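Computed from a prediction, not measured in an experiment: that's the story for all the values here. If you read the sequence from its start, that first residue is 1, and numbering goes on from there.
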Amino acid sequence: MHADINGALAAIDKSWRTFIHRGKPMTKAQVLAVLSYAKKVGYDSTAELKDEEVDDIIDKVNRRT
């Protein structure tokens, strides 16, 4: 998926449902963490994220819950 970071964050209550990583749906907390990270590092699109970056973020979110 190639979503605009700012647009997806602005519509997080609806957009999070469309996010899938490695064939699995993501939770709202995972999507919010990934998008927040992407914005922080200066990415404009989710296409700029590497799978390994997303894996690490999801792992951190999962450990918190």
What distance separates [X] [atom1] from [Y] [atom2], expressed to the nearest 0.5 Å?
{"X": "Ile20", "Y": "Lys24", "atom1": "CD1", "atom2": "NZ", "value": "12.5 Å"}
{"X": "Leu35", "Y": "Met26", "atom1": "CG", "atom2": "CE", "value": "7.5 Å"}
{"X": "Tyr43", "Y": "Leu49", "atom1": "OH", "atom2": "CG", "value": "6.0 Å"}

Ignoring hydrogens and geometry, is there a side-chain-to-backbone donor-acceptor pair from Thr27 to Gln30 under 3.5 Å?
-> yes
Would you say the side-chain atoms of Thr46 pair up with the backbone N or O of Ala3, donor to acceptor, closer than 3.5 Å?
-> yes
Exceeds 12 heavy-atom contacts within 6.0 angstrom, atom NZ of Lys39 | no
Indicate the atoms forming the closest heavy-atom contact of [X] with [Y], along with that distance.
{"X": "Ala8", "Y": "Ser15", "value": "O-OG, 2.8 Å"}
{"X": "Glu53", "Y": "Tyr37", "value": "OE2-OH, 2.6 Å"}
{"X": "Ile5", "Y": "Ala38", "value": "CD1-CB, 3.5 Å"}

Should Asp4 and Leu9 count as side-chain neighbours, where that means a heavy-atom distance under 4.5 Å?
-> no
Side chains of Asp55 and Arg22 in contact at under 4.5 Å (non-hydrogen atoms) = yes
Take Asp59 and Arg63 through the test salt bridge (charged side-chain N to carboxylate O under 4.0 Å, His left out) and record every step on the way to the result.
-> CA-CA 6 Å; Asp59 185 51; Arg63 284 189 269 143; 3.1 Å; yes
